[in-house]
Chemist: 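Right, I'll just put the structure down here and ask away after.
Numbered from 1 within each chain, the chains take letters A, B, ... in sequence-line order.
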Amino acid sequence: GAGVSQTPSNKVTEKGKYVELRCDPISGHTALYWYRQSLGQGPEFLIYFQGTGAADDSGLPNDRFFAVRPEGSVSTLKIQRTERGDSAVYLCASSFGGSKNEQFFGPGTRLTVL
Amino acid sequence: AQKITQTQPGMFVQEKEAVTLDCTYDTSDPSYGLFWYKQPSSGEMIFLIYQGSYDQQNATEGRYSLNFQKARKSANLVISASQLGDSAMYFCAMREGQGGGSQGNLIFGKGTKLSVKP
């Protein structure tokens, strides 16, 4: 079956601009996660959704970052007034539960803020 | 304090030999899950193996096994019979709280870059 997909794969923008990153999880997965991975680091948690609601948004760095999942499937991560420090790979993952509840990751969106 | 520590930035192993990648963790939660992911140069995170804190036996998945030492809070990944395709970044991760109802976020270490030599 299809895995987690993310679009765009690459996004270059200018400082101060607004960007949207999209994640399409595996069909039937109720939980969806966003992570950010800077060069040479492990992924860092941003936010996770259970269904349509944000169950935990404690990882969002500030109020310029916002995410939605209006129908409990596709999610959009929105970044306002981008800064050069926002440059990173943004990873999305989904899971369906179970004892392991492993997360399945998408290929990521590489965001570059000039 | 770091919750997941991977002390080996880079490791080399000869093809067909076994290699151990180290991971220590820190948590006060009695329930937790430990994961290993592989990240090739293409960037996608690939799930390898899982160990629950209450699991009595070390997890195994094909050539991957997890050397779980709870008292020492370590969860080392052992890859047997290394292959050239194993060259990648490897991340250890933890989720606090486990079981069917637990869907919390993962906390990742900084990773170990494994290079397999022919």
Side-chain angles (χ1 to χ4, degrees), chain A residues 2-6 8-10 23 25-26 28-51 53-60 67 69 72 88-111, chain B residues 2-10 21 23 25 31-57 59-61 64 66 88-113:
Chain A
V4 178
S5 62
Q6 292 186 246
S9 55
N10 279 284
C23 172
I26 293 172
H29 282 196
T30 56
L32 184 148
Y33 308 79
W34 284 99
Y35 294 85
R36 177 168 72 173
Q37 186 174 23
S38 300
L39 195 62
Q41 303 293 318
E44 293 179 307
F45 169 71
L46 296 175
I47 184 171
Y48 107 80
F49 291 87
Q50 182 62 39
D56 183 352
D57 64 358
S58 62
L60 295 177
R69 195 187 185 198
V89 175
Y90 289 79
L91 294 167
C92 176
S94 67
S95 67
F96 63 90
S99 59
K100 290 183 189 179
N101 199 24
E102 67 268 38
Q103 295 177 19
F104 296 85
F105 282 78
T109 293
R110 182 175 297 278
L111 175 66
Chain B
Q2 281 188 326
K3 291 218 167 192
I4 297 288
T5 302
Q6 294 182 254
T7 57
Q8 306 153 314
L21 307 183
C23 173
Y25 59 91
S31 296
Y32 52 90
L34 297 159
F35 300 77
W36 277 91
Y37 281 83
K38 172 183 179 182
Q39 188 175 44
S41 55
S42 59
E44 193 158 347
M45 300 284 284
I46 302 166
F47 167 72
L48 296 178
I49 195 166
Y50 166 85
Q51 181 85 42
S53 59
Y54 294 122
D55 293 345
Q56 295 297 310
Q57 292 190 327
T60 60
E61 292 282 352
Y64 305 108
L66 203 152
M89 285 292 292
Y90 288 81
F91 291 95
C92 179
M94 176 175 66
R95 182 185 63 230
E96 290 169 316
Q98 68 171 33
S102 175
Q103 302 222 26
N105 60 286
L106 297 176
I107 303 164
F108 285 86
K110 292 188 174 183
T112 294
K113 183 173 182 179

Chemist: Evaluate the criterion side-chain contact (heavy atoms from CB on, under 4.5 Å) for residue pair B:Phe91 and A:Gln37; output intermediate values, then yes/no.
Modeler: CA-CA 12 Å; B:Phe91 291 95; A:Gln37 186 174 23; 3.4 Å; yes
Chemist: Please report whether the ring centroid of B:Tyr37 lies less than 6.0 Å from that of A:Phe105.
Modeler: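 Close enough - the centres of the two rings lie under 6.0 Å apart.
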Chemist: Take A:Phe45 and B:Phe108 through the side-chain contact (heavy atoms from CB on, under 4.5 Å) test and state the conclusion after the steps.
Modeler: CA-CA 9 Å; A:Phe45 169 71; B:Phe108 285 86; over 6 Å; no
Chemist: Check each atom of A:Leu91 against the heavy atoms of chain B and say whether the ones under 4.5 Å are side chain, backbone, both or neither.
Modeler: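 It is the side chain, since no backbone atom gets that close.
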Chemist: Non-hydrogen atoms of chain B under 4.5 Å away: do they reach the side chain of A:Glu44, the backbone, both or neither?
Modeler: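 For A:Glu44, neither part sits under 4.5 Å from chain B.
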Chemist: Determine whether a donor-acceptor pair (N or O, by modelled atom type, separation under 3.5 Å) exists between the side chain of B:Arg95 and the backbone of A:Glu102.
Modeler: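 Judged by distance alone, no pair lies under 3.5 Å.
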Chemist: How far apart are the C-alpha atoms of A:Tyr35 and B:Asn105, what are their side-chain angles, what is the distance that settles it, and do they pass the side-chain contact (heavy atoms from CB on, under 4.5 Å) test?
Modeler: CA-CA 9 Å; A:Tyr35 294 85; B:Asn105 60 286; 4.0 Å; yes
Chemist: Can you say whether B:Leu106 sits under 4.5 Å from chain A via the side chain, the backbone, both, or neither, judging by heavy atoms?
Modeler: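 Both backbone and side chain.
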Chemist: Let me know if B:Gln39 has heavy atoms under 4.5 Å from chain A in its side chain, its backbone, both or neither.
Modeler: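 Interface part for B:Gln39: side chain.
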Chemist: So which atom in A:Pro43 and which in B:Met45 form the shortest heavy-atom distance, rounded to 0.1 Å?
Modeler: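 That closest heavy-atom pairing would be CG-CE, 3.9 Å.
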